[in-house]
Structures are given as structure tokens and as C-alpha cells.
There are 6 protein chains.
Amino acid sequence: MTTPVFDTLLLTGAAGRLGTELRRGLAPLARTLRLSDHKEIADLQPNEQAVICELSDKERVLEMTRGVDAILHFGGAPLETAWETILDSNIRGSYNIYEGARQNGVKRVVYASSVHAIGYHRLEDNIDARSPHRPDSLYGLSKCFVEDLGQLYWDKFGIESVNLRIFSSFPEPADRRMLWSWLSFDDCIRLVEAALTAPSTGHTVAFGISDNRVRPVDDRLSAHLGFHPQDNSERYRAAVEARTPPPDPHAPAVQRLGGWFVDLGHPDDEAK
Amino acid sequence: MTTPVFDTLLLTGAAGRLGTELRRGLAPLARTLRLSDHKEIADLQPNEQAVICELSDKERVLEMTRGVDAILHFGGAPLETAWETILDSNIRGSYNIYEGARQNGVKRVVYASSVHAIGYHRLEDNIDARSPHRPDSLYGLSKCFVEDLGQLYWDKFGIESVNLRIFSSFPEPADRRMLWSWLSFDDCIRLVEAALTAPSTGHTVAFGISDNRVRPVDDRLSAHLGFHPQDNSERYRAAVEARTPPPDPHAPAVQRLGGWFVDLGHPDDEAK
Amino acid sequence: MTTPVFDTLLLTGAAGRLGTELRRGLAPLARTLRLSDHKEIADLQPNEQAVICELSDKERVLEMTRGVDAILHFGGAPLETAWETILDSNIRGSYNIYEGARQNGVKRVVYASSVHAIGYHRLEDNIDARSPHRPDSLYGLSKCFVEDLGQLYWDKFGIESVNLRIFSSFPEPADRRMLWSWLSFDDCIRLVEAALTAPSTGHTVAFGISDNRVRPVDDRLSAHLGFHPQDNSERYRAAVEARTPPPDPHAPAVQRLGGWFVDLGHPDDEAK
Amino acid sequence: MTTPVFDTLLLTGAAGRLGTELRRGLAPLARTLRLSDHKEIADLQPNEQAVICELSDKERVLEMTRGVDAILHFGGAPLETAWETILDSNIRGSYNIYEGARQNGVKRVVYASSVHAIGYHRLEDNIDARSPHRPDSLYGLSKCFVEDLGQLYWDKFGIESVNLRIFSSFPEPADRRMLWSWLSFDDCIRLVEAALTAPSTGHTVAFGISDNRVRPVDDRLSAHLGFHPQDNSERYRAAVEARTPPPDPHAPAVQRLGGWFVDLGHPDDEAK
Amino acid sequence: MTTPVFDTLLLTGAAGRLGTELRRGLAPLARTLRLSDHKEIADLQPNEQAVICELSDKERVLEMTRGVDAILHFGGAPLETAWETILDSNIRGSYNIYEGARQNGVKRVVYASSVHAIGYHRLEDNIDARSPHRPDSLYGLSKCFVEDLGQLYWDKFGIESVNLRIFSSFPEPADRRMLWSWLSFDDCIRLVEAALTAPSTGHTVAFGISDNRVRPVDDRLSAHLGFHPQDNSERYRAAVEARTPPPDPHAPAVQRLGGWFVDLGHPDDEAK
Amino acid sequence: MTTPVFDTLLLTGAAGRLGTELRRGLAPLARTLRLSDHKEIADLQPNEQAVICELSDKERVLEMTRGVDAILHFGGAPLETAWETILDSNIRGSYNIYEGARQNGVKRVVYASSVHAIGYHRLEDNIDARSPHRPDSLYGLSKCFVEDLGQLYWDKFGIESVNLRIFSSFPEPADRRMLWSWLSFDDCIRLVEAALTAPSTGHTVAFGISDNRVRPVDDRLSAHLGFHPQDNSERYRAAVEARTPPPDPHAPAVQRLGGWFVDLGHPDDEAK
């Protein structure tokens with residue numbers, strides 16, 4: 001599975017938390033990793049190329065998507081933030097990425113969507129990939145937009161997309177919610193690899209969550225990817241439960257997939 | 001049903017094809033109709049106020065949404081067009097409308113979504129309001145965005161939305177597709193009135209299509225609106241069939257809800 | 001349809017609001033109507049027999065169910081009330097009715113269930129007959145119990161049941177909610193007649209609601225009954241809307257099928 | 001709707017009960033009706049051509065399907081009968097028809113499937129066009145086969161099929177079951193016309209049943225055909241009920257869509 | 001997971017088969033286990049309090065539910081029995097438990113529901129938690145009642161419930177049916193612990209069945225509990241199959257989830 | 001599990017690829033294996049009886065099905081071939097097998113259906129056993145026919161059927177598609193054993209596919225069989241990927257369950 005099946009992969013958001021992990025994890029899959037971020041990328045390896053670029057800069061994006069086999073689109077604002085930033089980095093920026101793919105003949109885009117595209121659904125609803133969008137933030141709303149953008153580019157232009165709704169990908173579970181929402185870095189890499197190498201994906205939505213004791217979503221509709229998480233959060237449970245208070249079962253942040261994002265106010269209010 | 005139940009309604013896109021019809025049709029519902037468009041609005045009536053405004057101008061939008069009971073958001077680009085226009089008028093513009101509603105305490109937004117938000121679904125799938133988005137154009141993609149925006153503003157801020165997926169609202173059916181996709185102006189007015197006056201809507205998606213012989217969508221999930229179309233396209237059939245060639249049953253534009261929109265190329269290519 | 005197809009029908013709750021209407025409406029269907037209530041039954045007609053009886057009195061119930069072709073079970077407490085009353089009249093009483101049917105070989109029971117068996121569902125969910133129970137009161141809970149009791153007696157003893165979830169059956173719509181929930185007396189009679197005369201029902205659940213503009217439930221699973229309501233509430237709309245304030249769309253009593261029942265406290269508290 | 005939209009239509013089973021009605025009803029749709037049957041066809045009209053032919057005779061079938069725009073396949077054994085007849089007339093015969101369509105470039109086949117393809121489903125299940133096959137006879141089994149054959153020829157060869165599951169198409173309802181299962185001849189013609197003229201059908205399954213009081217199937221998945229039955233059985237009810245005994249609600253023939261077909265033994269036993 | 005997260009847990013039916021196992025299994029979860037039964041409870045441990053009480057005695061139940069964090073309601077008649085016993089112990093008794101929870105502010109009830117609430121469903125239907133009730137006995141009917149009672153107390157009073165539909169919890173599989181329906185005591189304890197400690201449950205229905213080779217129900221709708229059975233029945237298979245005859249595949253007791261309960265007659269007949 | 005639970009099992013297609021494996025695998029289950037094929041069967045063992053017979057020979061089939069406990073029907077044409085062969089061997093032949101079962105009182109038939117009965121469904125649809133037939137060949141069409149035949153013989157004559165939709169059962173995965181579609185011989189034997197020994201099956205459809213990384217079908221509707229594959233294709237992946245080119249994600253043969261069967265032309269054309 002680890003002979004380089006790709007010549008060149010483009011990874012956006014390469015300087016970010018997940019980008020850094022993916023550089024390590026995906027190195028065996030491609031002869032060249034082209035890395036993009038708006039800030040500097042540290043420790044460049046011989047198999048890596050760096051491109052410093054704002055995703056909202058269409059010319060630069062068209063240029064850097066030239067000659068790549070597939071795009072791992074992990075760039076853009078990674079959290080709830082002001083509308084203008086979301087609009088520029090996530091909406092305009094992702095449009096530019098898909099336009100780059102279309103104009104340069106890239107076959108597949110693997111996109112870091114998010115649980116926050118569906119954050120208002122309840123755990124007990126056990127939703128699947130066909131359940132309607134219910135974003136919990138402007139950030140999540142932009143994820144919904146890019147999922148629909150990918151659907152359009154598949155239906156109209158034949159570009160495949162895999163939308164990975166990543167839950168909580170951190171070194172380890174940081175709070176009680178992450179005991180169920182955690183996606184280990186290694187499982188994240190497995191998921192991206194599955195998305196890159198599946199024979200045919202069309203427009204696929206998949207849930208990025210480790211093999212935790214609680215896994216409150218139904219992922220049968222991405223079975224064709226062959227993703228099987230190998231990690232789970234149980235070994236962190238005792239420590240997490242010891243240092244955090246028991247949850248209030250009536251709190252929306254406990255009942256809904258999006259967690260504390262559902263409690264956030266409007267980011268533009270806070271900017272004032 | 002026709003005593004004015006609202007003090008002030010805001011109608012965006014008031015100078016457009018549907019906007020003009022709605023001015024007439026909704027007059028009995030409100031003491032004042034505030035009309036907005038980016039171009040001049042003709043024949044202002046005593047019960048009407050005019051606001052000339054680009055929806056992308058946030059300050060103006062915040063101002064004009066002050067003191068209104070509900071918003072009929074029919075503004076923005078009405079057809080496939082260049083990305084920058086879609087982004088500015090439909091995405092940024094609709095965000096401004098929802099922000100106006102939020103900041104000014106408007107209770108409900110009735111939005112002119114479109115069949116083009118789901119244009120790649122097949123007629124024979126008989127989709128309902130929970131079926132996934134499948135936009136057929138950048139225009140349709142912006143409609144998906146606003147539907148999701150409305151979902152967020154309902155879940156997070158308690159603002160109700162009714163998303164009317166209008167099919168083909170014209171004086172009469174202009175081609176064979178419109179024999180099934182037609183929404184008469186009178187039915188359009190009935191639909192908007194139902195959306196405005198339903199006791200409770202939360203975030204509702206409804207299909208805007210007359211009582212045509214073929215009605216290839218399942219609208220039971222908007223039954224709580226109480227919309228019952230009264231017109232149908234049969235009296236136009238003979239004339240339309242006489243002047244247009246029989247359809248090719250294998251053509252995507254015949255098989256898919258979006259019609260000829262699915263055949264459109266990328267608008268930015270054509271701009272070149 | 002009006003030749004007497006039954007020899008003897010038993011109607012419980014015959015002195016109640018609906019019982020009185022049914023006496024009139026069902027007279028043509030049976031040679032004899034046996035009427036039961038715990039209070040006196042006025043104006044006995046030549047084709048009628050009266051039985052004064054508490055449904056909790058098992059011996060009397062076994063006796064009065066002897067020799068009947070079918071039972072219309074409309075008796076028991078008709079509204080939210082103290083637990084001991086619900087337990088005695090609705091739970092124990094309905095058990096006695098079904099035991100009477102079983103021991104006396106009665107073929108079919110038509111039961112006045114209620115919207116309050118599913119009162120916590122939202123209008124916009126457009127539930128059907130397979131959606132889970134969500135009672136809104138002890139009264140509704142007893143309706144759920146009798147529906148399940150009927151299921152058991154069908155599966156185990158072959159006694160057919162039609163459970164009519166009656167919404168609001170009054171002379172006319174008394175408030176804004178009844179503009180959608182109203183079941184006219186004539187439609188109520190049509191529904192009961194359909195339930196009595198359908199060739200085969202097994203255990204059927206049907207919604208009792210007139211052909212109102214808003215009909216927020218999906219009744220396709222009782223299509224085999226052939227019930228088609230003929231009345232609707234529109235002619236009452238103007239008057240009702242004139243004398244009642246507009247609803248608050250965020251009020252649970254507006255959003256949920258059960259209406260003001262969802263706002264009721266616990267009846268045993270109020271007894272104190 | 002009645003200008004001849006087809007040059008030549010082929011109708012198999014033209015001498016049968018429905019074939020005879022269709023000759024009359026479809027005459028306005030085509031310049032020429034080519035009529036086929038294994039027995040002689042009476043009263044040939046100027047617009048009609050007759051072909052006497054066993055459907056199992058492949059050469060004859062290939063020949064008679066040449067130069068036709070669409071095929072109305074109503075031929076074959078019309079009732080339960082011996083396996084060898086079913087195999088020859090319905091299975092082999094229908095294969096020949098589809099091969100004729102394929103080899104001669106015919107665009108669409110409208111097939112007289114039957115309720116007996118799904119005869120073991122219960123009325124109260126209210127099945128739709130995606131519910132699994134449950135044939136009630138060898139006859140029904142052959143209908144299932146041809147529906148699947150049509151699916152293959154659509155998926156692989158692009159030939160459209162409309163499978164009309166005709167319930168009971170007779171001059172009038174002959175027994176109590178037909179009070180719900182009846183398809184008037186006029187509605188049958190409307191259904192066939194809708195199937196022939198719908199812009200795009202792919203592989204469609206539709207239920208052929210009039211607008212009877214009881215209509216125990218869900219036909220929303222053929223909404224794209226635009227079939228709306230205009231007749232119903234009510235005016236025959238009194239007479240039918242007067243001359244037939246009440247049904248036994250526990251009888252399979254009453255509970256299942258297929259009626260008395262579910263009571264039939266194996267036809268090859270009876271042949272002995 | 002085993003630091004005492006609760007101060008006081010109430011366990012009803014503590015002297016019963018499962019109650020005895022739960023005393024052992026749940027001891028680490030709470031500082032105090034309050035044990036209730038109508039008969040004496042043997043071998044009281046230092047961490048245990050005993051309350052002898054009929055559940056139908058409302059005053060005693062209100063008293064014993066005071067000051068507890070959660071209730072494990074395993075009391076009441078454990079098998080099919082006379083109606084008066086079911087009514088008193090299971091219906092009235094469970095109402096008293098929920099009233100105790102409500103009046104004393106208990107947050108969550110974990111209830112021993114049963115496969116017999118759904119016993120008439122077929123194995124091959126692979127039902128999930130939203131499938132309708134189909135009780136197979138008066139015992140099962142009372143389980144349905146308490147599930148609905150819990151739904152009401154969640155919707156109206158905010159008390160969480162987890163309804164564990166326990167299949168066959170015995171030391172080992174006693175017959176061929178238990179090869180699939182078995183729930184080991186250890187898995188039963190795991191299930192109860194998961195139900196007690198899940199962050200948020202609302203009103204949840206879960207299936208109590210070990211990781212047996214055949215597991216004919218779909219439990220994805222309780223994924224948020226995080227229950228993963230660890231035992232299975234395979235090591236008992238050879239012995240069970242050796243000492244019992246092969247099943248009759250046409251026997252209802254083999255085809256239906258409820259097993260031999262579906263063959264039981266009416267308990268009140270047998271009492272005679 | 002391996003004490004002979006059957007006296008005599010009949011295996012058709014015993015000289016074929018799977019037949020040969022099943023002789024070995026099923027030997028422990030029956031005192032006598034009766035083997036049938038149209039060609040000679042090699043290496044007859046003491047527990048085996050051989051019958052050389054064309055399945056289209058009804059008399060021989062009736063004879064050889066006498067005195068058997070269950071039938072494993074693996075005979076007939078194993079690949080796409082001319083219509084006349086399909087008709088004779090698979091359609092007529094399977095009818096004869098079911099008639100043998102009926103006339104001789106055989107209780108259960110385990111049938112080697114195929115992925116090609118549903119070959120036009122997409123991997124990403126993740127279909128289950130209730131999804132409609134979509135055959136990809138005349139071969140697949142005959143599999144659909146026999147599945148429906150089994151449904152009829154269950155509904156009407158009470159003969160149980162298990163239809164195993166075998167994907168790719170070969171010694172090892174021969175191409176990239178088989179990395180997901182592979183069914184190891186040992187898993188095939190496990191599946192047949194589960195189908196034979198499940199207590200009750202009615203008419204069951206199950207998917208025959210090993211525990212491969214990608215398993216693009218939902219098999220919960222055969223959970224009552226208790227089949228759990230033990231093998232998977234991963235150890236063959238590197239070698240297969242090394243010797244075969246990467247798939248084209250837009251190729252129908254990659255997107256559809258049926259693989260290269262969807263690319264096949266009509267077999268009767270090739271015969272010319």
C-alpha cells in the first residue's frame with residue numbers, strides 16, 4: 001500500500017496541526033508533496049516543495065494546482081472566526097482550489113470538512129452521510145458550502161471529491177466530548193490514505209472519528225473507501241474523567257455533535 | 001386571510017420578475033411594503049417604500065431591515081453568472097440579509113431558493129425536502145449556501161426560514177420542460193403567503209411548482225405550510241408541443257430537475 | 001353503503017361529545033346500536049339499547065360485549081386528568097373491552113385514540129403511522145397503551161383493531177390550532193364508517209383530521225381504509241383569526257401536534 | 001395531446017381484452033397501429049396493420065418490431081397457467097420483444113406487468129415501486145422477470161421501459177376486491193398514453209389502478225409520468241356489495257394485493 | 001470507569017435474578033446502593049441499604065426514591081402473569097417509580113424493558129429502536145407502557161430514560177433460541193453501566209444481547225451509549241444442540257423475536 | 001457445529017469450481033452428499049453419490065431431489081452466455097429444482113445467486129437486501145428470476161430459500177476489483193453452512209463477500225444467518241496492485257458492483 005502511487009500531491013494548510021501530521025503520514029504515497037500554506041512551512045524535506053500562498057489569491061492557486069495528481073485541501077480558517085475571514089479563506093479559497101483542479105485536470109480532491117457542518121444534529125440521531133446539513137457556526141457553514149461545491153464539480157465536471165468530516169483530531173482527547181469525537185493522528189492519516197486510493201469515489205462524505213467506544217454516526221455510506229480506524233480513546237478515559245466535571249446531560253453542547261461550537265455566539269459580535 | 005397581518009414587510013429583488021408580481025400579490029398582507037432592489041423600482045404605490053441598495057452593502061442592508069416583521073428575500077443574481085457576481089450578490093448579499101434579520105430582531109425570512117439547488121437529481125427520483133443538495137450551477141450552489149445559512153440562523157439564533165425552491169415562475173410555460181416545472185405567478189403568490197402566515201415553520205424547505213400533470217417531487221415535508229397550488233399547465237400543452245420538438249429522453253437536460261442548467265459550462269470560461 | 005351491514009354494534013362513551021354524533025351517524029349501519037356510558041344516555045331511539053356501566057367493571061363489560069359484531073370504543077376519560085382516573089377508566093377499562101371482545105368473539109374494535117398519543121412530534125416532521133409514540137399527557141399515554149393492547153390482541157388473538165388518532169373533533173374550529181387539527185363531526189362519522197367496513201384492517205393506525213389546508217401528518221399507511229375527509233376549516237378561518245392573537249412560532253404548543261397539552265403540568269400536582 | 005406523435009406503434013396482445021380497448025384509445029396517437037396476436041384480430045381499421053405471430057417465434061418478432069417507434073407489450077398468457085406456457089409465451093416471448101427493440105432501435109417499451117408481480121404484499125403495507133417483488137403465481141413470476149429484463153435493457157442498452165402493474169382492468173368491478181383494484185378501461189388508456197408520451201422514463205414501475213376510494217399502493221415514484229386516474233368504483237359499490245357476501249378479514253385473498261391468486265395451487269398439479 | 005461516579009443508586013428488583021448480578025457489578029459505581037424488592041434481600045453488604053416495598057405502594061416508592069442520583073428499575077413481575085399482577089406491579093409500580101424520580105429530582109432512570117415489548121417482530125426484519133411496539137404478552141405490553149411513560153417524562157419533565165430491551169439474561173444459554181438471544185450477566189452489567197454513565201441519553205431504547213453469532217436486531221440507534229458486548233454463546237452451542245431437537249423453521253416461536261412467549265395463551269384463562 | 005445434522009444433502013453443480021470446494025467443506029454436515037452435475041464428478045468419496053444430469057431434464061431432477069433434506073443449488077451456466085443456454089440451464093433448470101423440492105417435500109434451498117443480479121448498482125450506494133434488482137447480464141437476469149422463484153415458493157408453498165449473492169469466489173483475488181469483491185473458499189463454506197443451519201430463514205437474501213477492507217454492501221438484513229467472514233484480501237493487495245494498472249475512477253466497471261460484466265455486450269451478438 002506504500003509504494004508511491006502518486007507523482008505529485010498538493011497539500012494545502014500544510015503548516016497546520018493536521019497538515020504537519022499528513023506530511024509525515026503521506027510521504028510514502030507520492031514522489032513529491034507540494035505543500036501550501038499562508039505561513040512558512042518548517043523543516044522542508046527533500047521530497048517536499050513549499051508554496052506560500054493565500055488561498056484567496058486565485059492566480060497563485062491556479063498555478064500551484066498545475067501538475068498535481070490529487071489535492072488534499074486542508075487549508076483555510078480552522079475554527080470559528082469573523083465572516084470576512086470565512087468568506088475569503090474558506091469560501092473563496094476553496095472555490096479557487098476547485099477551479100484549480102478543473103482548469104488543471106486534477107482528478108480528485110480530498111477535503112477536510114468537519115463535524116461542524118452537521119454540528120446541530122443530536123448524538124442519538126446517529127446520522128449518516130445523507131442527513132441534511134446542520135452547521136453550528138460560520139466555520140461549519142463554509143464546510144457545507146465546500147461539500148456542495150464538490151458535489152457540483154463532480155456532477156458537472158467529473159472531478160471526484162471525498163469530504164472528510166473530521167471530528168476532533170488532536171494528539172489525545174482533551175476533554176470528555178473528545179472521548180467519543182477523537183480522531184487520532186494515525187487514524188486521520190489512514191482516512192486520508194483511504195480517500196486518496198479508493199478506486200472510485202464520486203462525491204463521497206465520510207466521518208473522521210476513531211474506533212471509540214461511543215461512535216454516534218453511521219458511516220456505512222463510505223464503506224467503499226475501506227477506512228477502518230485502529231485507535232480508540234479508552235486509555236485516556238480515566239485521566240480525562242478525573243480532571244473534568246461530569247457533563248450536564250441537558251446541555252446542548254453535550255447533546256449535539258458540534259459540542260461547544262453550538263454555544264458560540266456570532267463571531268462578528270465578539271469582534272466588536 | 002387578507003386583513004393586513006403584518007405592519008411592514010421587506011421585499012428584496014422587488015424590481016425583478018417575481019418581485020413585481022409579489023408587490024401586487026402581497027399588498028393586502030401588510031400595511032407597508034418596503035421594496036429593495038439595486039435598480040429603480042417603477043410605479044411606487046402609496047403603501048410602498050423604495051430602497052435602492054446593493055445587497056453586498058452591509059450597512060445599507062442593516063438599515064433597511066430595521067423595523068420589518070418579515071423579509072421576502074428575492075434579490076440577488078437570478079441566473080447563472082460569473083463567480084464574483086454570485087459571491088457578492090448571492091452569498092455575501094444573503095449573509096447581510098440574515099445579519100440584518102438577526103441584528104434587527106426580524107422573526108422570519110422567506111427565501112427564493114431554486115430548483116437549481118437540486119438540479120442534478122432525476123425526475124424519477126421524486127426527491128423530498130430531506131434529499132441532499134445537488135446544485136447544477138454556481139447560481140444553484142449559492143442557493144444551497146443560503147438554505148444552509150438559514151438552517152444555522154434557525155438553530156443558533158431562532159430566526160425562522162422558509163426556503164422556496166421555485167421551479168419555473170413565468171407568465172406561462174415557455175418550453176416543454178415548463179409543462180411540469182411551471183409555477184404560475186398566482187401560485188407563487190399563494191406559496192409566499194403560505195410561507196409568511198404559517199403559524200410555525202422552523203427551517204422549512206418547500207417546492208414551488210404548480211398543480212401540473214407531472215409534479216416530480218414529493219412535498220409532504222412542507223405540509224405544515226398549507227400551500228395548495230391552484231393552477232396547472234395543461235391549457236398551454238398543445239401550443240407548447242406544437243412549437244417545440246419532442247425531447248430526447250436520454251438528454252441530461254430532460255432527465256434532471258435542473259433542465260438546461262445542467263448543460264451549461266462554467267460561467268467563468270464563457271466570460272473569457 | 002348504508003344498508004345495515006351489522007346486526008349489533010356496541011358504542012362506548014355513547015353519552016359523550018363524539019358518542020352523540022356517532023349515534024346519529026352510524027344508525028344506518030346496524031340494526032341495533034348498543035350504547036354504553038357511565039352516565040345516563042338521553043333520547044334513546046328504537047334502534048338503541050342503553051347500558052349504564054363503568055368500564056372498569058369487568059363483569060359488566062364482559063356482559064355488554066356479548067353478541068356484538070364490532071365495538072366502537074369511545075369511552076373513558078376524554079381529557080387529561082388524575083392518574084387514578086386514567087388508570088381505571090382508560091387502561092383497565094380498555095383492557096376489559098378487549099377481553100370482552102376476545103371472550104365473546106367480537107371481530108373488530110374501532111378505538112378512539114388521539115393526537116395526544118403523538119403530541120410531542122413537531123408539525124414539520126409530518127409523521128406517519130409507524131413513527132414512535134410520543135404522548136403529551138397521562139391521557140395520551142393511556143392512548144398509547146390501548147394502541148399497543150390492540151396490537152397484541154391482533155397478533156395473538158386475531159382481533160382486528162383500527163386506532164383512530166382523532167385530532168380535534170368539535171362542531172367547529174375553536175382556536176387557531178384547530179384550523180389545522182379540526183375533524184368535523186361528519187368526517188368523524190366517515191372515518192368510523194370506513195374503519196368499520198374496510199374489508200381487512202389487521203392493526204391499523206389512522207389520523208382523524210379533516211381536509212384542512214394544513215394537514216401535517218402523512219396518512220398513506222391507512223389508505224386501505226378508504227377514508228377521504230370532505231370538510232375543511234377554511235370557512236371558519238377569518239372569524240377565528242379575527243378573535244385570537246397570532247401564534248408565537250417558538251411556543252411548543254404551536255410547534256407540536258399536541259397543542260396546549262404539551263404545556264400542561266402533571267395532573268396529580270394540580271389535584272393537590 | 002392527441003396529434004399523432006408517433007408514426008408506428010406496435011401493440012402485442014391486440015386481440016385480448018385490454019388490447020381491444022387500446023386499439024380504440026391509442027388510435028389518435030399514431031399514424032399506424034401495428035397489431036400483433038397469436039389469434040386473429042377482428043375489425044381491422046384503415047390505420048391498423050395485423051400480424052399473426054407467436055411471441056416465442058423469434059424471427060417473426062424481430063421482423064414485426066422493425067420500424068416501430070415504441071412497443072406496447074400486452075401479449076402473452078394473461079392468467080395463471082402451466083409452466084411451459086408461461087415459459088414460452090411470457091418469458092421467451094418477452095425476451096424476443098426486447099431483442100426486437102434492441103436490434104431494431106426501438107426507443108421505449110410499455111409493458112403490461114401486473115399486480116401479481118407483487119401479489120403477496122399486504123394492502124396495509126402500502127408498498128411503492130421500490131418494494132421487493134413478491135409474485136403470487138407463475139404468471140406473476142413471469143411479470144417479475146420481464147420487469148427485470150427491462151431494467152437490464154435500460155441499464156445496458158439504453159432502451160426505456162415503463163412497467164404498468166395493472167390491477168383489475170375490466171368493464172366494471174366484478175367482485176368486492178375490484179372495488180379497490182379496478183382500473184377502468186379509460187384510465188388504462190390514460191395510463192398507457194402517459195407512459196408513451198412522458199419525456200423521459202428510464203426504467204419506471206407504475207401502478208395501474210383507478211381513483212378508487214381505497215388505493216392501497218403508493219405511486220409517488222411514477223409521478224414523472226403524469227398519470228391521474230379519472231374514474232372510480234363507487235357507483236358500482238352498492239350493486240357489488242348486494243350480490244356478494246362480506247369478506248373474511250382473515251382470508252389471505254382479502255389481506256393480500258393479489259387476491260384469489262394467492263389461493264391458487266400450482267398450475268402443473270391441476271394439469272394432471 | 002470504576003471510580004464511584006454516583007453517590008446513591010437505587011436498584012429495584014434487587015432480589016431478582018438480574019438484580020443480584022447488578023449488585024455485584026455496579027458496586028464500584030456508587031458509594032451507596034439502595035436496594036429494593038418486595039421480598040427480603042440476602043447478604044447485605046456494607047455499601048448497601050435495603051428497602052422492602054411493593055412498587056404499587058406509592059408512598060413507599062416516593063420515599064425510597066428520595067436522594068438518589070439515578071434509578072435502575074428492574075422490579076415488577078418478571079414473566080407473563082395475571083393481568084391484575086401486571087397492572088399493579090408493572091404499570092402502577094413503574095408509574096410510581098417515575099413519579100418518585102420527578103418529585104425527587106432524580107436525573108435518569110435505567111429501565112429493564114424486554115424483548116417481549118417487540119416479540120412479534122420476525123428475526124429477519126432486523127428491527128431497530130424506532131420500529132413499532134409489537135408486544136407478545138401482557139408482560140410485554142407493560143414494558144411498552146413503561147417505555148412510553150419514559151418518553152413522556154423525558155419530553156415533559158426532562159427526566160432521561162434508557163430502556164434496555166433485555167433478551168435472555170441467564171447464566172448460560174438454556175435452549176437453542178438463547179444461542180442468539182443470550183445476554184451474559186457480564187454483558188448485562190456492561191450495558192447497565194453504559195446506560196448509567198453515557199453523557200446524555202434523552203429517551204433511548206437499546207437492545208440487550210451479547211455478541212452472539214446471530215444478532216437479529218440493528219442497534220445503531222443506541223451507539224451513543226457505547227455498549228459493546230464482550231461475550232458470545234458459541235462455546236455453549238455444541239452442548240445445547242446436542243440436548244435439544246432441531247427447531248421447526250415454520251414455528252412462530254422460532255420465527256419471532258419473542259420465542260415461546262408468542263405461543264402462550266392468555267394468562268387469565270390459565271388462572272381459571 | 002460439525003456433527004452431521006443432515007442425512008442427505010443434494011449439491012448441484014458439484015463438478016464446478018465452488019461445487020468442488022463445497023464437497024470438502026460440507027462433508028461433516030451430512031451423512032450423504034448427493035452430487036449432481038452435467039459432467040462427470042471426479043474422486044467420488046464414500047459419503048458421496050453422483051448423479052449425472054442436465055438440470056433441464058425435469059424427470060431426472062424430480063428423481064434426484066427425492067429423499068433429500070436440503071438442496072444446495074450451485075448448478076447451471078456460471079457465466080454470461082447465450083440466451084438459449086441461460087433459459088435452459090438457469091431458468092428452466094432452477095424451476096425444475098424448486099419443483100423437485102416442492103414435490104418431494106424438501107424444506108430448504110440454498111441458492112448460488114450472484115452479485116450480477118445487482119451488478120448495475122454503484123459501490124457508493126451501499127445497497128442492502130431490499131434494494132431493487134439491477135442485473136448486469138442475461139446471467140444476472142436469470143439469478144434475479146431464481147430469487148423471485150424462491151420468494152414465490154416460500155410465500156405459496158412454505159419452502160425456505162437462502163439466496164447467496166456470491167461476489168468473486170476464487171482461490172485468491174485475481175484483479176483489483178476482487179480486492180473488495182473476493183469471497184474466500186473458506187468463507188464461502190461458512191456462508192453455505194450458516195444458510196443451511198440457521199433455525200429459520202423464510203426467503204433470505206445474503207451477500208457473499210469476505211471481510212475485506214472495502215465491503216460496499218450492507219448485510220444487516222441477513223444477520224439472522226449468523227455469517228461472519230473470517231478472511232480478507234489484504235495479504236494479496238501488494239501483489240495485485242503491482243501487476244495491474246490503477247483503475248479509472250470514471251469507468252463503469254470500476255463504479256458498479258458488477259465490474260466488467262457491465263461492459264459486456266449482448267452474448268447473442270457475439271455468437272454470430
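The sequence lines fix the lettering, A, B, ..., with proteins before strands; numbering per chain opens at 1.
With salt bridges taken as basic N to acidic carboxylate O contacts below 4.0 Å, one links Lys58(C) and Asp268(E).
With a 4.5 angstrom heavy-atom cutoff, Leu87(C) touches chain E only via side-chain atoms. Neither the backbone nor the side chain of Lys143(C) comes within contact range of chain E; no heavy atom of the residue lies under 4.5 Å from a heavy atom of that chain. Proximity to chain E is absent for every atom of Glu147(C), based on heavy atoms less than 4.5 angstrom apart. Contact of Phe261(E) with chain C is made through the backbone alone, with heavy-atom distances under 4.5 Å.
In this structure, CD in Gln151(E) is found 12.5 Å from CD1 in Ile118(C), a value given to the nearest 0.5 Å.
Top candidate by heavy-atom pairs under 4.5 Å with chain E, chosen from Leu141(C), Val262(C), Leu149(C), Asp155(C), is Asp155(C). In terms of heavy-atom pairs under 4.5 angstrom with chain C, the leader among Phe145(E), Trp154(E), Trp83(E) is Trp83(E). Ranked by non-hydrogen atom pairs under 4.5 Å with chain E, the options Glu84(C), His203(C), Glu99(C) are led by Glu99(C). Looking only at heavy-atom pairs under 4.5 Å with chain E, the residue among Pro252(C), Cys144(C), Gly119(C) that has the most is Cys144(C).
A donor-acceptor distance shorter than 3.5 angstrom exists from the side chain of Lys156(C) to the backbone of Leu264(E), with no hydrogens or angles considered.
Within residues 90-97 of chain E, the residues having any heavy atom under 4.5 Å from a heavy atom of chain C are, by residue number, Ile91(E), Arg92(E), Tyr95(E). For a heavy-atom cut-off of 4.5 Å, chain C lies close to Arg130(E), Pro132(E), His133(E), Arg134(E), Pro135(E), Asp136(E), Ser137(E), Leu138(E) in residues 121-140 of chain E.
Side chains of Phe157(C) and His266(E) form a contact here, defined as non-hydrogen atoms less than 4.5 Å apart.
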